[in-house]
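We use all heavy atoms of the structure for the numbers below, so side chains are in, but hydrogens, waters and symmetry mates are not. Computed from a predicted structure; not experimentally measured.
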Amino acid sequence: MRKGDLIKVVELKKGINTILLDRIYPLEPFKSKNLNIITYMIDDEVMKDGSVYANKLMIDAKSSESIELRVGSGYLVEKDDALTNQFLSYHGWSGGDGIYSFNLTNGKDGFDLKEDVKTLFFFGDTFVGTSDENTHQRYQPHLMPNNSFGIHENGHTKMLVNWQEDGSVSGFYKVDPRFDLSGTVASNATYYDRKEKNPGFISGIHPKSLEITFDLYTERYVSHIDVYNYFSEESELLSKRGLKNVSIYGSQDGKHYEHIKDVKLDRAKTMDDKEKINIDQTFRYFKWIVPTEKGVGNHNDEHFKEGMYAVNLVKFYHGSQQYRDIYTTSNSVLLKDYEHSWIWLQDGAIIGDYLYTLPMVINSDLNQPEGLQFCVKNVSLYKSKIVDGMPDYKNATMKLAPLLVDSKDSQWLFGAAMTPNTVQAGAKNPDGFIYVYGYKTTMGLRELVVARVKEDRFEFFDDWRFFNGKDWVTDIFESKGLLEHISCEMSVSQLLDGQYKDKYIAVFTYDTNTPYIAYSIGDSLVGPFSEPQKIYHTPEQEIFKSTTYTYNAKAHPHLSTSTSILVSYNTNTYNFEHNMSNNLIYRPRFIRLNDTTK
């Protein structure tokens with residue numbers, strides 16, 4: 001339907017009239033002078049002044065009158081059942097969520113592409129097995145790898161599961177064991193600003209030698225290091241594990257080291273005690289060599305001869321900027337366990353001939369209710385070379401990404417959406433930056449935040465800058481909320497045609513997992529953004545009942561035009577048995593946001 005098309009004719013009676021519509025419409029203004037008050041509503045929520053969207057109207061009429069309801073300027077949603085049905089399968093791949101799309105042909109990421117391209121769909125948790133085509137029951141055993149692919153080409157979609165030689169199934173991307181460790185590992189010393197308790201680094205008992213190596217991933221100027229020596233609230237006595245005499249070395253290649261200085265560290269008296277070590281050197285690698293003689297390399301004495309060497313935190317700085325992109329190892333660790341983590345994808349970008357993605361690292365948390373028994377441990381970076389039109393997942397590299405931090409009241413997490421404003425991505429006004437969106441969560445409310453980095457420095461997180469509402473700064477905690485009520489997955493894309501030409505549309509599920517899909521219009525990649533406007537009420541909750549919910553809507557610009565925007569959303573249920581009883585539930589749905597002015 002287009003602007004001005006007739007929706008329905010309504011016979012009003014004097015007084016209050018309730019009008020129900022079959023969907024959410026943008027409505028033309030009413031011209032009748034017979035109407036006292038017109039209340040626009042979406043379900044039972046009254047819209048704010050200025051909104052023209054409604055699926056329910058309350059009209060106070062002075063007298064009886066016949067009025068016409070007509071389509072106004074805005075977006076009107078149409079289901080894309082043809083594409084949705086391509087994601088229904090009864091054998092092999094049988095459902096997934098977290099759907100992101102990537103143009104493998106040329107990396108262009110905007111609306112209004114003229115050519116057909118090969119698209120990679122990237123799914124999160126995936127059901128694999130056989131289902132009954134009549135009853136839709138999932139037969140046991142049903143497997144669940146944590147990620148899978150789909151290839152969309154020439155109008156058709158083919159699902160890909162990573163089958164192993166022995167007939168078992170696995171995700172295409174797995175957590176590198178180096179980044180799946182818990183215990184008293186060296187990486188604790190550079191694990192910053194998280195709410196969970198950090199046990200610090202503790203060496204093995206009476207090690208023959210002790211080296212701690214800090215890899216900053218690229219050459220960095222380090223002005224100074226802040227050391228928070230070991231302290232435990234369990235007993236003040238344990239601070240005698242703290243490091244004492246340390247020799248600091250630097251290297252560009254990790255093989256040939258230069259001596260920087262020797263330092264003597266004090267015993268910590270509180271968790272917040274720190275010592276500043278001036279460095280004024282440029283290296284990629286820094287190595288600490290600690291003599292393993294009790295009372296020399298640590299603060300052991302004749303009354304405490306435990307033989308462990310420990311430190312709580314080590315922070316590297318360039319002036320006021322704290323480096324966070326650090327991989328820390330040691331040749332001696334007291335306790336090291338594997339956490340058996342998995343990944344849930346977030347967005348990504350194609351840069352050159354590589355696909356970069358920023359998945360979350362996930363762990364089990366059995367203290368949570370059914371369907372929510374997980375916790376987010378980290379954000380990670382996966383880098384895959386595109387070979388013969390597909391990401392070479394077998395040779396993908398992984399590193400942790402310092403894009404998840406906590407303060408007392410809020411949490412910041414980046415990677416929910418990505419907009420490459422580059423020549424390769426086909427941006428209208430490229431500036432060479434990749435814009436990475438995330439969310440700041442405070443008391444359950446999520447606000448949009450954004451960072452950016454030059455495309456050739458994407459994998460070096462200490463080159464990222466965060467938008468504080470005015471400037472781009474180095475401190476992730478200064479990231480300012482730009483738009484409220486967003487979801488954990490979403491999109492921000494520039495419109496090249498239509499009523500909002502040259503502006504940016506953010507598409508998301510209103511408050512993450514409500515039945516409402518919403519959009520907002522921004523003047524630039526960093527806003528300002530308009531108030532969120534609900535545009536679609538997903539029907540799956542009413543269709544499948546029980547604990548069904550929908551979540552994480554986003555646009556797929558390279559599969560869309562500016563005036564007919566393809567949007568996906570996920571459907572799931574908190575009840576596992578409900579999911580097993582019906583394979584129609586857990587899979588993506590597709591709709592189109594059609595510009596009524598074109």
Side-chain angles (χ1 to χ4, degrees), residues 1-84 111-112 495-501 503 505 507 510 515-521 530-543 550 553 555 560-567 569 589-598:
M1 299 181 74
R2 302 299 184 201
K3 178 182 178 182
D5 286 353
L6 179 66
I7 301 170
K8 65 191 301 186
V9 176
V10 178
E11 299 295 333
L12 296 179
K13 298 178 180 179
K14 181 180 178 180
I16 303 297
N17 297 261
T18 300
I19 303 168
L20 301 179
L21 304 176
D22 65 328
R23 69 181 89 174
I24 299 172
Y25 287 92
L27 298 171
E28 273 197 345
F30 294 96
K31 298 178 181 178
S32 173
K33 297 181 179 179
N34 183 44
L35 310 179
N36 286 324
I37 300 174
I38 305 170
T39 303
Y40 291 78
M41 305 178 70
I42 292 180
D43 297 327
D44 292 324
E45 179 187 0
V46 176
M47 294 291 96
K48 293 182 178 180
D49 290 345
S51 174
V52 298
Y53 286 89
N55 62 4
K56 180 179 180 180
L57 293 168
M58 300 287 287
I59 298 180
D60 181 6
K62 298 176 183 178
S63 60
S64 298
E65 181 186 2
S66 176
I67 64 169
E68 294 180 341
L69 302 185
R70 293 188 178 272
V71 176
S73 298
Y75 290 107
L76 188 60
V77 170
E78 176 186 8
K79 292 183 180 180
D80 192 333
D81 290 331
L83 185 56
T84 296
F111 292 113
D112 305 326
L495 295 162
L496 305 177
D497 193 10
Q499 61 188 310
Y500 299 116
K501 182 179 179 180
K503 293 185 180 292
I505 185 168
V507 178
Y510 192 90
Y516 297 104
I517 295 174
Y519 78 92
S520 172
I521 299 298
S530 63
E531 288 287 328
Q533 175 60 61
K534 295 176 180 177
I535 189 70
Y536 183 63
H537 186 149
T538 59
E540 283 73 25
Q541 296 87 337
E542 293 302 316
I543 296 172
T550 55
S560 310
T561 66
S562 294
T563 57
S564 183
I565 301 170
L566 181 68
V567 172
Y569 64 93
R589 268 72 175 176
F590 293 88
I591 59 175
R592 290 190 177 272
L593 274 58
N594 292 323
D595 185 338
T596 62
T597 67
K598 301 295 286 187

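Distance alone, capped at 3.5 Å, places no donor-acceptor pair between the S64 side chain and the K13 backbone. N17 places a side-chain N or O within donor-acceptor distance of the main-chain N or O of G15, the cut-off being under 3.5 Å. Under the 3.5 Å distance criterion, the side-chain polar atoms of T596 are matched with a main-chain donor or acceptor of G72. Judged by distance alone, with hydrogens and angles left aside, the side-chain atoms of T538 form no donor-acceptor pair with the main-chain N or O of T550 at under 3.5 Å.
Enclosure of atom CG in L6 by more than 12 non-hydrogen atoms of other residues, nucleotides or ligands within 6.0 angstrom is indicated. Counted within 6.0 Å of NZ on K62, heavy atoms from surrounding residues, nucleotides or ligands total more than 12; the atom is thus considered enclosed.
No side-chain donor from either of T561 and D112 sits under 3.5 Å from a side-chain acceptor of the other. When only modelled atom types and interatomic distance are considered, S51 and Q533 share a side-chain donor-acceptor pair under 3.5 Å. S32 and E65 form a side-chain donor-acceptor contact under 3.5 Å, judged by distance and modelled atom types alone. Donor-acceptor pairing under 3.5 Å is lacking for the side chains of N55 and H537.
Of all heavy-atom pairs between L83 and D80, the closest is N-OD1, 3.1 Å. In terms of heavy atoms, S520 sits closest to S530 at OG-O, 2.6 Å. The two residues N594 and S564 have their closest heavy-atom pair at OD1-OG, 2.8 Å. Residues P539 and Y569 share a closest heavy-atom pair of CD-OH, 3.8 Å.
Looking at D497 and K598, a side-chain N of the basic residue comes within less than 4.0 Å of a carboxylate O on the acidic one, giving a salt bridge. Salt-bridge annotation for E45 and K534: present, with a side-chain N of the basic residue lying under 4.0 Å from a carboxylate O of the acidic one. Ion pair K56/D44 flagged as a salt bridge, since at least one NZ, NE, NH1 or NH2 atom sits closer than 4.0 Å to an Asp/Glu carboxylate oxygen.
Put simply, CE on M47 and CD1 on I24 are 8.0 Å apart, with the number rounded to the nearest 0.5 Å. Rounding to the nearest 0.5 angstrom, the gap separating the CG atom in L495 from the CD1 atom in I565 is 5.0 Å.
Aromatic ring orientation, Y519 versus Y53: perpendicular (interplanar angle above 60°, classes split at 30° and 60°).
Pairs engaging residues 66-75 under the side chain to side chain donor-acceptor pair (under 3.5 Å) rule: K3-S73, E11-S66, E68-R70 [sequence neighbours left out].
Residues forming a salt bridge (charged side-chain N to carboxylate O under 4.0 Å, His left out) with K33 (at least two apart in sequence, or on another chain): none.
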Between D43 and Y516, is a side chain to side chain donor-acceptor pair (under 3.5 Å) present by the stated rule, with each step listed? CA-CA 11 Å; D43 297 327; Y516 297 104; 2.3 Å; yes
